[in-house]
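Take a look at the structure set out below.
In what follows, chains carry the letters A, B, and so on, assigned in the order in which the sequence lines appear, proteins first and then strands, with residues in each chain numbered from 1.
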Protein chains: 2
Amino acid sequence: MNIEPDLCRVEDALGILVGKWKPIILLHLLKNGTQRFSDLKRSIPGITQKMLTNQLRELENEDIIQRVVYPQVPPKVEYSITEYGRSLEPILHAMHEWGTNHIQHKKQKMNESMSK
Amino acid sequence: MNIEPDLCRVEDALGILVGKWKPIILLHLLKNGTQRFSDLKRSIPGITQKMLTNQLRELENEDIIQRVVYPQVPPKVEYSITEYGRSLEPILHAMHEWGTNHIQHKKQKMNESMSK
DNA sequence: CCGCATCCAGGTGGATACTG
DNA sequence: CAGTATCCACCTGGATGCGG
């Protein structure tokens, strides 16, 4: 891994995952496969239409997800992870594992300082 | 990996890495070991004292780095990665690899759309 | 040498209303 | 059903100056 600012690419990966709803959107698409806009909206409590559209566009621009429009009334738009997008899965998984362990780690620290 | 909002811990890991200078700080400490405040400041072009202090504090609060103050004049403060903090290294490494590949992927997409 | 306080610009995300 | 447009509150991070 190169640490020089111009050669370090950690930020590039980070930038794609960062966004209030991006991880959860990706996890839904990874787990459930192709989903309609309304499916995602229903599955993600609290998200607004604006933000869902916004985050989906950004992921689409990076070629992480695919958007398919069916020209019909009422409209139907399906989203799915691209083959390329799947390459992010190990990273998401590693972060989930680490995060889960981190919760435990913090609890321990808490207890240690309590019992002083 | 659990996808339920309350059980998904991707955000927890992400939150620790997110911050304009956190990845670069961590990479410096991982690569070079213990560093003084002024060492880090010099190694990271563009960072201000305020932000360096700020980001170091946040990492310290999560037990990722350790801060040691030598009570002397002029002051001397050393920062280093904790044992626990090292558990983030695989994730940073994976993100760097992915990011490096992503640059290539984007170039390909560029060329494809150019030659149409 | 290291850190804090203040002030401020810009970006991110939420609420709401409207369109094909 | 899916998306756009507008307005606004908040947060992050940059500039600068002071202090032990």
I need the [atom1]-[atom2] distance between [X] and [N], as an integer number of Å.
X      : N       : atom1 : atom2 : answer
M51(B) : dA15(D) : CE    : P     : 11 Å
Q72(A) : dG3(D)  : CD    : P     : 13 Å
L52(A) : dG3(D)  : CG    : P     : 8 Å
F37(B) : dG20(D) : CZ    : P     : 18 Å
K76(A) : dG3(D)  : NZ    : P     : 14 Å
I47(A) : dG14(C) : CD1   : P     : 8 Å
N54(A) : dC7(D)  : CG    : C1'   : 16 Å
K41(B) : dC2(C)  : NZ    : P     : 11 Å

task: Would you please classify the geometry between the Y79(A) ring and the F37(A) ring as parallel, tilted or perpendicular, with 30° and 60° separating the classes?
output: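 It falls in the tilted class, 30° to 60°.
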
H96(A) and H93(A) aromatic ring geometry - parallel, tilted or perpendicular at 30°/60° bounds: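 Because their plane-to-plane angle lies in the 30° to 60° range, the rings of H93(A) and H96(A) count as tilted.
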
message: Less than 4.5 Å apart, side chain to side chain, heavy atoms only: is that true for H102(A) and Y84(B)?
response: yes

- request: Report yes if the side chains of N54(B) and E58(B) come closer than 4.5 Å at any heavy-atom pair, otherwise no.
  value: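 A side-chain contact exists here, since the closest heavy-atom pair is under 4.5 Å.
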
message: So, does R42(B) get its side chain near the phosphate of dC2(C), meaning an N or O under 4.0 Å from OP1 or OP2?
response: no

- prompt: When you check the phosphate oxygens OP1 and OP2 of dA2(D), does a side-chain N or O of R36(A) lie under 4.0 Å from one of them?
  reply: yes

Contact class for [X] (heavy atom, under 4.0 Å): base, sugar-phosphate, or nothing?
X      : result
Q55(B) : sugar-phosphate
P74(A) : sugar-phosphate
R57(A) : sugar-phosphate

statement: Contacts of Y79(B) and G19(A) projected onto DNA chain C by closest heavy atom; the upstream (5') one is Y79(B)

task: Would you kindly compare P75(B) and T53(A) by the position of their nearest DNA chain D nucleotide and give the one closer to the 5′ end?
output: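 So the residue in question is T53(A).
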
message: Side chain of T48(B) only, heavy atoms from C-beta on: which candidate in dA2(D), dA15(D), dG13(D) is closest?
response: dA15(D)

query: Only one of L59(A), V77(A), L56(A) forms a side-chain contact (heavy atoms from CB on, under 4.5 Å) with R67(A), so which one is it?
result: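 Passing option: V77(A).
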
